[in-house]
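One structure is given below, encoded as structure tokens.
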Amino acid sequence: MTLRRFPQAVYRHGEEPDPRFSLANERTFLAWIRTSLALIAAGVALEALQLPIREDFRLYSAGIFILLGLAAPVHAWFSWMRTERAMRESRPLPAPALSGILAVGIVVAALLIAVGMLLG
């Protein structure tokens with residue numbers, strides 16, 4: 001009897017890796033989910049709180065945080081799948097795909113906040 005596990009695109013390939021590696025991959029997935037929640041919370045807080053930041057700069061930085069927060073769980077899911085499948089097929093692990101975009105987005109949002117505070 002074959003166990004049906006989701007997603008089949010991952011589990012129907014290769015052999016079962018060491019559980020420690022799969023659990024580490026899951027912890028990385030959950031870290032991305034926490035990051036997503038923090039980014040969304042930052043965006044909401046920028047709009048909800050009365051902060052001394054020029055309105056347009058505050059709005060743009062909040063939007064960047066929320067967009068990054070929406071992209072992070074999508075990235076987490078696909079990254080988890082790619083990594084798990086690579087481990088199952090004894091291939092090298094894939095490189096991170098969103099880290100550069102996330103770093104640039106956070107720097108841009110922080111600069112908008114800083115400039116908005118100076119001009120506000």
### Message
Apply side chain to side chain contact (heavy atoms under 4.5 Å, CB included) to residues L39 and I106 and explain how you reach the verdict.
### Response
CA-CA 9 Å; L39 289 164; I106 290 172; 4.2 Å; yes
### Message
Set out, in order, the CA-CA distance, both residues' side-chain angles and the distance that settles side chain to side chain contact (heavy atoms under 4.5 Å, CB included) for R85 and R91, then state yes or no.
### Response
CA-CA 8 Å; R85 189 160 172 184; R91 290 186 288 115; 3.9 Å; yes
### Task
Could you check W32 against L102 for side chain to side chain contact (heavy atoms under 4.5 Å, CB included), going step by step and ending with a plain yes or no?
CA-CA 11 Å; W32 275 108; L102 184 67; 3.5 Å; yes
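Hydrophobic clustering (ILVMFWY, side-chain heavy atoms < 4.5 Å, transitive): I64 and L51 are in one cluster. Hydrophobic clustering (ILVMFWY, side-chain heavy atoms < 4.5 Å, transitive): L93 and F21 are in one cluster. Cluster membership for L111 and F57, using ILVMFWY side-chain heavy atoms within less than 4.5 angstrom, is not shared. If you chain together hydrophobic residues whose side chains sit under 4.5 Å apart, F6 and L30 fall into the same group. In the hydrophobic clustering of this structure, L112 groups with L119; members are Ile, Leu, Val, Met, Phe, Trp, Tyr whose side-chain heavy atoms approach within less than 4.5 Å, directly or through other members.
For the pair P94 and F78, the minimum side-chain heavy-atom distance is 4.5 Å or more. Looking only at side-chain heavy atoms (C-beta outward), I40 and F65 stay at 4.5 Å or farther from each other. At a threshold of 4.5 Å between non-hydrogen side-chain atoms, the residues P17 and E84 count as touching. Within the 4.5 Å cutoff, side-chain heavy atoms of I113 are placed close to those of L46. The closest side-chain heavy-atom distance from V10 to W80 is below 4.5 Å.
In this structure, Q8 and R5 approach most closely via the heavy-atom pair NE2-O, 2.7 Å. Taking every heavy atom of both residues into account, I66 and G43 meet most closely at CG1-CA, 3.9 Å.
Atom CD of E89 has more than 12 neighbouring heavy atoms from other residues, nucleotides or ligands inside a 6.0 Å radius. With a 6.0 Å radius and a threshold of 12 heavy atoms from other residues, nucleotides or ligands, E15 has its CD atom at or below the threshold.
A donor-acceptor pair under 3.5 Å is formed between the side chain of T28 and the backbone N or O of A24.
Atom OG in S79 sits 9.0 Å away from atom CG in L98 (nearest 0.5 Å). If you take CH2 on W77 and CZ on R82, they are separated by 14.0 Å, rounding to the nearest 0.5 Å. Rounding to the nearest 0.5 Å places CE of M81 at 11.5 Å from CG of N25.
Residues in residues 55-69 take part in these side-chain hydrogen bond (donor to acceptor under 3.5 Å, both in side chains) pairs, two or more places apart or across chains: E47-R58, R54-D56.
No hydrogens or angles considered: nothing links the side chains of R88 and H13 as a donor-acceptor pair under 3.5 Å.
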